Amino acid sequence: MFVREIKEDELNELLELYTHLHELGVPENSEHLQNTWSEICNDVNHHIIVCEVDGKIVSSCVCVIIPNLTRNVRPYAFIENVVTHEEYRGKGYATACLNYAKNLAAKADCYKMMLLTGSKNESTLDFYKRAGYNCTDKTAFIQWLK
């Protein structure tokens with residue numbers, strides 16, 4: 001197992017992994033996709049963390065460091081798109097990605113990390129609790145845009 005940040009030439013592997021999250025398929029390789037990927041790759045605050053096993057990306061999460069004017073001008077981190085390939089779950093790979101994200105956030109002097117999950121599955125919620133997150137400090141609201 002090797003945890004690291006994604007390389008620019010690994011977009012297709014990442015998109016394939018995302019089919020184990022909630023995507024119905026891999027998006028069309030369009031100019032919009034390539035522009036978005038380039039923007040992500042060039043954003044120093046946007047980190048896509050991957051766990052590689054035997055040369056294959058099997059787990060990932062996104063950690064975005066958000067500059068902030070409160071809390072003594074300390075940033076915070078937002079975690080999103082936590083996913084592990086179905087055949088590799090339960091082996092600690094997502095935990096390793098979240099730990100890597102926590103180290104990035106600490107290095108950036110973040111005062112907190114946040115994540116949202118749409119899952120109501122107890123095992124998923126327990127996983128996040130074991131990773132150090134709680135669901136009692138804040139209340140999340142979502143407004144979906146078209």
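What you see is a predicted model, and the numbers here were worked out from it, not measured in a lab.
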Considering residues at least two apart in sequence or located in another chain, which fulfil the side chain to side chain donor-acceptor pair (under 3.5 Å) criterion with N134?
T136, D137

What residues form a side chain to side chain donor-acceptor pair (under 3.5 Å) with S30, not counting sequence neighbours?
none

D43: what forms a side chain to side chain donor-acceptor pair (under 3.5 Å) with it, not counting sequence neighbours?
none

For L14 and S60 the tightest heavy-atom approach is CD1-OG, 3.7 Å

Considering non-hydrogen atoms only, spot the tightest contact between C97 and C61 and give its length.
O-SG, 3.7 Å

What's in the same ILVMFWY side-chain cluster as I79, cut-off under 4.5 Å, chained through other members?
V82, L98, M113, L115, F127, Y128, Y133

Can you list, pair by pair, the side-chain donor-acceptor contacts under 3.5 Å of residues 49-57, counting residues two or more places apart and other chains?
from, atom 1, to, atom 2, distance (Å)
E52, OE1, R4, NE, 3.0
E52, OE1, R4, NH2, 2.6

Is it true that V62 and Y76 fall in one hydrophobic cluster, defined by side-chain heavy atoms closer than 4.5 Å?
yes

Using the side chain to side chain donor-acceptor pair (under 3.5 Å) criterion, which residues pair with R89? Sequence neighbours excluded.
none

Can you find a pair of side-chain heavy atoms, one from H47 and one from I65, that are under 4.5 Å apart?
yes

Step by step, would you call E86 with H20 a side chain to side chain donor-acceptor pair (under 3.5 Å)?
CA-CA 6 Å; E86 200 170 85; H20 295 269; 4.8 Å; no

Side-chain heavy atoms of C63 within contact of K102, under 4.5 Å
no

Taking all atoms of both residues into account, what is the closest heavy-atom pair of T84 and L17, and its distance?
C-CD1, 4.1 Å

So which atom in W37 and which in E8 form the shortest heavy-atom distance, rounded to 0.1 Å?
NE1-O, 2.9 Å

Heavy-atom closest contact (L33 atom, E28 atom, distance):
CD2-O, 3.6 Å

Compute whether any side-chain donor of one residue and acceptor of the other, for N121 and S123, lie under 3.5 angstrom apart.
yes

Kindly indicate whether the side chain of N12, heavy atoms from C-beta on, has any atom under 4.5 Å from the side chain of E16.
no

